[in-house]
Amino acid sequence: MIRRLSNEVYNWLDDRTEISVIIDFCRRQLTKPVPRHLNWLFSFGTVTLMFFLSQAVSGVFLMIYYEASADTAYESVKYIMEQVRFGWLMRQVHTYGANFMIAFLLLHSVRVFFYGGYKKPRELTWLFGFGLLVVTLAFGFTGYLLPWDQLSYWGTTVGTEIAAATPLIGEYLLILMRGGEIISDVTLTRFFVLHVVLLPWAFIALVTVHLVLIRYKGISPLEGTDVPEKTPEELKQAGGKPFYPQHVMKEAIVVLLVLASMIFMIIYYPLPLHEKADPFNTPVGVKPEWYFLSSYQALKYLPKTIGIIGSGLVVLAICLLPFWDRTPARTPARRPLATSLGILFVVLNIALALLGKISETEMTFMGTRYHFDIYGWPHAIGTVEEPAVPQDTGGEGTE
Amino acid sequence: MSSSQKPPGPAAPGKQSGKTPGKTRPDPVRRRRFLQRCLGALGGIGSLMAVYPLIRYIEPPPEAEGANRVEIDRASLPLGTSRTVIYRGRPTIVVNTSDGYIAYNAVCPHLGCVVKWEGGTQNLICPCHGGIFGTDGSVQGGPIPGPLTAVELSVTDDKIIVGV
Amino acid sequence: MSGRASYRARAAFRARAAYRARAAYRARAAYRARASYRARASYRARAALILIPLLILSWTTADSAEAQLSAATNNCVSCHAGLDDEDMSLPVAEWQRSAHRPADIYCQDCHGGNPATTVEDEAHDVEMDFVGLPDPYVVHELCGECHQVQMENYVPSPHGLEGDFWPNCVDCHANHEVVFPQASLISIPDNCEDCHEQAIMDDFIALTDRGLEPIAEFRRAAEEIRSAGVPVDQIMAQATLARNAYIEQASHVFVLEKMVAVVDSLEQVFPDIRKEVDAARTEVDTRRRFGWMFIGLFLLVAGVIWLYRRSLPGA
């Protein structure tokens, strides 16, 4: 009965739209075999995509109560977290989701680099992927300001300050980004528009092309670019499994595990909303979010102009990677130079981020208390046990 | 799971199922069908679990505690004047009449306009369709289906408190 | 009265101690500069040794070593810490452990002088209000600059004007190793026992615990709940109000009857706060249970997919 009805509907649609062509095409693409070497590392891209969807859903729900203006933004986020039923969940899913999404996007890029996935004929896939990375980081940067708490306000202040170091147009660029001399209501509105209108559509457009290219060209093989790539039939004979259901299921498992760990983080280590932004009171040790920490830290060591031009060149080099690295080898072992440079780059970034993390903090190490200056350089400030800081502070508040 | 098991086949040495030694690896087709059903059921439960917070989220949130109670300075409301405040999300009119303070839900029971105090006639009137209410909330004229709803009110030395 | 007699003895002792301290200070002058240089050198050596890997990564110049932190640039601290004379260096070590250290209260806040200079005579310039040993009669005014409420309660109390300011703030709270106040301060051996029976001290301690322990417990619970993401502003506000009421009306008055009245009125409020704490705890548990339901479901689905995948042909 139901089957007959759905057949009727299908035929009706097909007569008018030739939907069967599209469905056949999709089915063929879905069952196209993928090479045998696809392991768990190949699911990071899907995880990122899933987080984009989750961000879209939770973002739309947050917008129901969020009010983007300097007077109301903080209060509305507080309202979502404290008054709205499951508002805490929605906000935590969105905030944690942003961090997870960027983390998996970075992992995905690193994976593609080491497997040589950007090489001919997949240069365009890499370019669109790079665009997605930029858009996602822009998502993170603009979204960080929206709760309008002290951390987001001052994190954005130091973040936008980097743009001012651009030669010639730096000052102009800074004013353009902030919409004024300092971060204000105007900044919040333009960041909001970027975050909820422009960037999502940019992401959707880029990711569509990215996915179509991946499906169309197939997953990158391990052999060098000088070896002709296998046709789907050859792949199948070589032991390749269909994309659906085998690989999709593998990805689904990874997605579910990542989601479960995110929920664990949400219920045990929820991200707090800090004090409301106060433009006249800079808290100590202001830093941008972790994914900007390494470049932020690197800029501290270099003269401003050299730093910004240098990091611009690094970004450009990453963007155009497939066009200057045209060696045929794909596997890491066959291209030792690229592999070691890649490892060096990753390690350097992690080290810089760690230095950025410890800079402007205090830590006790083997009985000596150290203060780390803005360069992450330690200074001893006394050979003492932990000061007898009382457990119960803040009670003295009787003015 | 036992339903998806099959008598031992020659080519399938299989694992011990525990119950009956010698039984073998289940038939993959029936096993897949069983797992598919499991997935369907779990997916259903999962979607319900995911939809529940979303629905609850868009329901109007419970009011903050402060809004259940509105305080007005007595000095700011001289005899014969009125003030409309938001109490529990509804416009509420407080009037200082010669017989004491009164408070009503200001939404007219006719078509939802907000009533006003008219000092001259000592009446609450609805500007939309000419409804007239007495200081006791009763209908004095106009196409009004019923009286205004009184709102709890208490008075201290210097404040009028709407709500409990 | 024995209290008064005891005070005279104390005053004499204080005067002697002041002389001794000043003499020692003058006598050790020659050693100071060398000692402090040695001390600073050893800090730097140790720091470099431990953190070499990090230093390699950060190619900073030596000039960047200007510490931002005032503790490192406060010359009272850096100089005195390295002195060989224990009388002169111990206060620094004691202060490092004190509650004033994290609160950024430094030597000059009580002793005056100039912490910005390394020249000894300038640092201890009387023109800069340097006082080696503050007068015991004005100690409460020094502390009272910040701890006003405590001073206002203390001055008219049996220990204040009435008791000739004895004991004063530092007799109970210590001078350099100022710790966060606790009920046990009420019974310090050799301090209270001279005049008071232990039984009375026990009454005071019990009363303090009765008033402050529940508040401390509420705050601890609230902090824990806050870190779990549930708002506790209401609880915190109520606990702070209760605590302020205690500090304003009951602390440092040293009259049992007044304290009893305050604590009794506080105990009227505690059940309400406790109810809110419990409600917030329940909310934390509910959220966690809800989260675990999802985690369980996700793991279950992942497991089923895993099994399904394995049962596919050619797996």
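Keep in mind it's a predicted model, so treat the numbers as computed, not measured. Naming: A, B, ... by sequence-line order, numbering from 1 per chain. Basis for what follows: all heavy atoms, side chains included, without hydrogens, waters or symmetry-related copies.
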- Does NZ in A:Lys32 sit with more than 12 non-hydrogen atoms of other residues, nucleotides or ligands closer than 6.0 Å? yes

- Query: Do you know the tightest heavy-atom contact between B:Pro61 and A:Gln83?
  - Reply: CB-O, 3.8 Å

- Flag side-chain contact, heavy atom, 4.5 Å: A:Phe61 against B:Ile58: yes

- Query: Looking at side-chain heavy atoms only, is the closest gap between A:Val84 and B:Arg56 below 4.5 Å?
  - Reply: no

- Query: Do other residues, nucleotides or ligands put more than 12 heavy atoms under 6.0 Å from the CZ atom of B:Arg74?
  - Reply: yes

- Spacing of CZ belonging to A:Arg85 relative to OH belonging to B:Tyr57, to within rounding of 0.5 Å: 12.5 Å

- Residue A:Tyr244 excluded, over 12 heavy atoms near OH under 6.0 Å: no

- Item | Residue B:Lys116 excluded, over 12 heavy atoms near NZ under 6.0 Å | no

